[in-house]
Amino acid sequence: MSTMDLNLLVALDALLREQSVTRAAEQLQTSPAALSRTLGRIRRILRDPLLVRAGQRMVLTPRAVELRDEVHAVVERSRALLTPGNEFDPATLTRAFTLQTSDLLSGALTPALLSLVAEAAPGLVLRFASEFVEGTSALRDGTVDVEVGVLDHLDPETRTAPLTTMRLVGAVRPGHPLTRGPVTAQRFAAAAHVSVSRRGKAHGPVDDRLAELGLRRRVAVVLPSHATALVLARTTDLVCLATESAAQHAGLHTFEVPLELPPLDIGMAWHPRNDVDAAHRWLLGLLRKAAADLR
């Protein structure tokens with residue numbers, strides 16, 4: 001019976017992730033010809049072509065897609081097992097991590113996170129991915145290391161942990177009519193609002209609560225970015241919903257929303273392939289510390 005050694009698994013991992021013999025060869029520091037021979041051997045063992053040409057690129061067979069995450073996890077665990085006794089030292093870390101979160105959260109989270117990183121791991125680079133990767137397979141594919149936010153769209157194998165609970169407040173410019181006197185549901189609904197949705201949706205939980213009271217608000221504009229919405233609220237009479245810290249940082253007056261809105265349960269999510277990665281576990285600890293003061 002044919003067997004597959006660890007070197008073949010490492011080659012298979014690179015091939016499945018890169019979907020290119022040339023790029024995988026560069027990653028493994030070998031020649032495309034040598035890796036092509038290795039791929040042929042793997043194909044014979046697995047009895048599957050794995051990579052099939054489609055025009056100018058290679059695509060994975062269903063069997064390759066099925067194997068990709070499991071092979072990568074086995075390779076990462078094997079590397080960890082074969083390098084015992086090496087203590088993790090953040091000060092020597094030269095690496096980039098990719099995080100995905102909303103601009104509302106990144107603005108509040110990043111300063112504290114950068115402060116912690118600068119002190120312990122000056123060689124670490126943090127990259128923030130666009131919100132458009134939310135709800136995709138970015139964690140599974142490895143293009144995002146950690147997702148932070150309201151976690152309601154994850155793959156079943158994804159690991160999660162709670163971080164904090166946040167609430168939304170109303171935010172308006174100083175001198176706005178809602179800064180004078182109590183803000184009732186009627187006054188809140190009568191004002192013009194800016195809504196934030198990267199999918200362009202104007203309706204949300206606020207509208208559901210207002211409808212229960214027989215009220216309806218007027219959404220004058222829908223924006224994909226909280227940061228832009230806060231700027232717009234600063235220069236117009238539009239009402240914006242935001243976290244208190246984000247609104248205050250933007251120089252806005254805040255008030256309690258006169259509705260029973262559920263709090264935002266903020267958590268972090270990552271793929272189990274990273275469970276054996278000491279640097280990744282250390283990053284999760286930093287995120288816990290940075291999120292402790294979010295509000």
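Counting from 1, the numbers follow the sequence of the chain as shown.
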*List the steps, then state whether salt bridge (charged side-chain N to carboxylate O under 4.0 Å, His left out) holds for R17 with D69.*
CA-CA 9 Å; R17 290 173 62 78; D69 288 345; over 6 Å; no
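- Taking 4.5 Å as the limit, every side-chain heavy atom of V59 sits out of range of all side-chain heavy atoms of R53.
- Rounding to the nearest 0.5 Å places CG of L12 at 11.5 Å from CZ of R68.
- One hydrophobic cluster, built from ILVMFWY side chains closer than 4.5 Å, holds both L93 and L116.
- Between the side chain of D89 and the main chain of A91, a donor-acceptor pair closer than 3.5 Å is present.
- H176 places a side-chain N or O within 3.5 Å of a backbone atom of D237 that can act as its donor or acceptor partner.
- E244 is not listed as a side-chain neighbour of M166, based on a closest heavy-atom distance of 4.5 Å or more.
- Closest approach of A269 and T158 over heavy atoms only: CB-CG2, 3.8 Å.
- Between the side chain of T110 and the backbone N or O of S106 there is at least one donor-acceptor pair closer than 3.5 Å.
- Panel note: side chain R173, backbone L238; no donor-acceptor pair is recorded below 3.5 Å.
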*Should R218 and H193 be marked as a side chain to side chain contact (heavy atoms under 4.5 Å, CB included) after you check the CA-CA gap, both sets of side-chain angles, and the distance that decides it?*
CA-CA 6 Å; R218 183 173 75 85; H193 291 249; over 6 Å; no
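- Scanning all heavy atoms of the two residues, the minimum distance from A291 to T164 falls at O-CB, 3.8 Å.
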*Apply side chain to side chain contact (heavy atoms under 4.5 Å, CB included) to the pair L8 and I45, showing each step before the final yes or no.*
CA-CA 10 Å; L8 290 184; I45 292 173; 3.8 Å; yes
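- Between R167 and L264, the closest side-chain pair of non-hydrogen atoms is not below 4.5 Å.
- A distance of 10.5 Å separates CZ in R63 from CG in L16, rounded to the nearest 0.5 Å.
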*Show your working on side chain to side chain contact (heavy atoms under 4.5 Å, CB included) between F188 and V206 and close with a plain yes or no.*
CA-CA 11 Å; F188 178 76; V206 169; 3.8 Å; yes
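- Side-chain atoms of F97 and V117, non-hydrogen and from C-beta on, never get closer than 4.5 Å to each other.
- Follow the hydrophobic side-chain contacts under 4.5 Å out from L28 and you reach L39 in the same cluster.
- Within 6.0 Å of the CZ atom in R57, the count of heavy atoms belonging to other residues, nucleotides or ligands does not exceed 12.
- At distances below 3.5 Å, at least one donor-acceptor pair connects side-chain atoms of R187 with backbone N or O atoms of P182.
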*Kindly determine whether H280 and D275 satisfy side-chain hydrogen bond (donor to acceptor under 3.5 Å, both in side chains), including the steps that lead there.*
CA-CA 8 Å; H280 192 278; D275 285 346; over 6 Å; no
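- Counting only residues at least two apart or on different chains, no ring-ring contact (aromatic ring centres under 6.0 Å, His included) pair has a member in residues 226-265.
- Atom CZ of R47 sits in a sparse spot, with 12 or fewer heavy atoms from other residues, nucleotides or ligands closer than 6.0 Å.
- Scanning both residues, V75 and L9, for their nearest heavy atoms gives CG2-O, 3.6 Å.
- Looking at every heavy atom in both residues, L139 comes nearest to H271 through O-CB, 3.5 Å.
- Clustering ILVMFWY residues whenever any of their side-chain heavy atoms sit less than 4.5 angstrom apart, transitively, puts L113 in the very cluster that holds V148.
- You'll find the side chain of P258 reaches within 4.5 Å of the side chain of V183, heavy atoms only.
- Considering OG1 of T254 and CG of L178, their distance stands at 12.0 Å, rounded to 0.5 Å.
- Residues T61 and V65 fail the side-chain proximity criterion, which asks for heavy atoms closer than 4.5 Å.
- Ionic pairing of R43 and D48 is not present here: no N-O contact between side-chain nitrogen and carboxylate oxygen is shorter than 4.0 angstrom.
- Counting all heavy atoms, side chain and backbone alike, L35 lies closest to A11 at CD1-CB, 4.0 Å.
- Both L60 and V71 are part of a single hydrophobic cluster, where members link through side-chain heavy atoms under 4.5 Å apart.
- Around the CZ atom of R216, the shell of radius 6.0 Å holds no more than 12 heavy atoms that belong to other residues, nucleotides or ligands.
- Around the CD atom of E70, the shell of radius 6.0 Å holds no more than 12 heavy atoms that belong to other residues, nucleotides or ligands.
- Residues D13 and V74 have side chains not in contact (no heavy-atom distance under 4.5 Å, counting atoms from C-beta outward).
- Between P90 and A121, the closest heavy-atom pair is O-CB, 3.3 Å.
- Between R95 and D277 a salt bridge is recorded (basic side-chain N to carboxylate O distance below 4.0 Å).
- Atom CG in L50 sits 5.5 Å away from atom CG in L46 (nearest 0.5 Å).
- Rounding to the nearest 0.5 Å gives a distance of 6.5 Å between CG of L252 and CZ of R234.
- Salt-bridge formation is not detected for the pair R23/E26: no Lys NZ or Arg NE/NH1/NH2 atom is positioned less than 4.0 Å from an Asp or Glu carboxylate oxygen.
- Here the straight-line distance linking atom CG of L109 with atom CG of L104 works out to 11.0 Å at 0.5 Å rounding.
- Hydrophobic clustering (side-chain heavy atoms under 4.5 Å, transitive across Ile, Leu, Val, Met, Phe, Trp, Tyr) keeps L223 apart from V239.
- At distances below 3.5 Å, not a single donor-acceptor pair connects side-chain atoms of D141 with backbone N or O atoms of A138.
- Panel note: side chain T243, backbone L168; no donor-acceptor pair is recorded below 3.5 Å.
- Looking only at distances, no side-chain donor or acceptor of D265 sits under 3.5 Å from a matching main-chain atom of T165.
- Taking the side chain as every heavy atom from C-beta outward, V194 and V219 never approach each other to under 4.5 Å.
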_Step-by-step side chain to side chain contact (heavy atoms under 4.5 Å, CB included) determination, T160 to M268_ = CA-CA 6 Å; T160 64; M268 57 182 176; over 6 Å; no
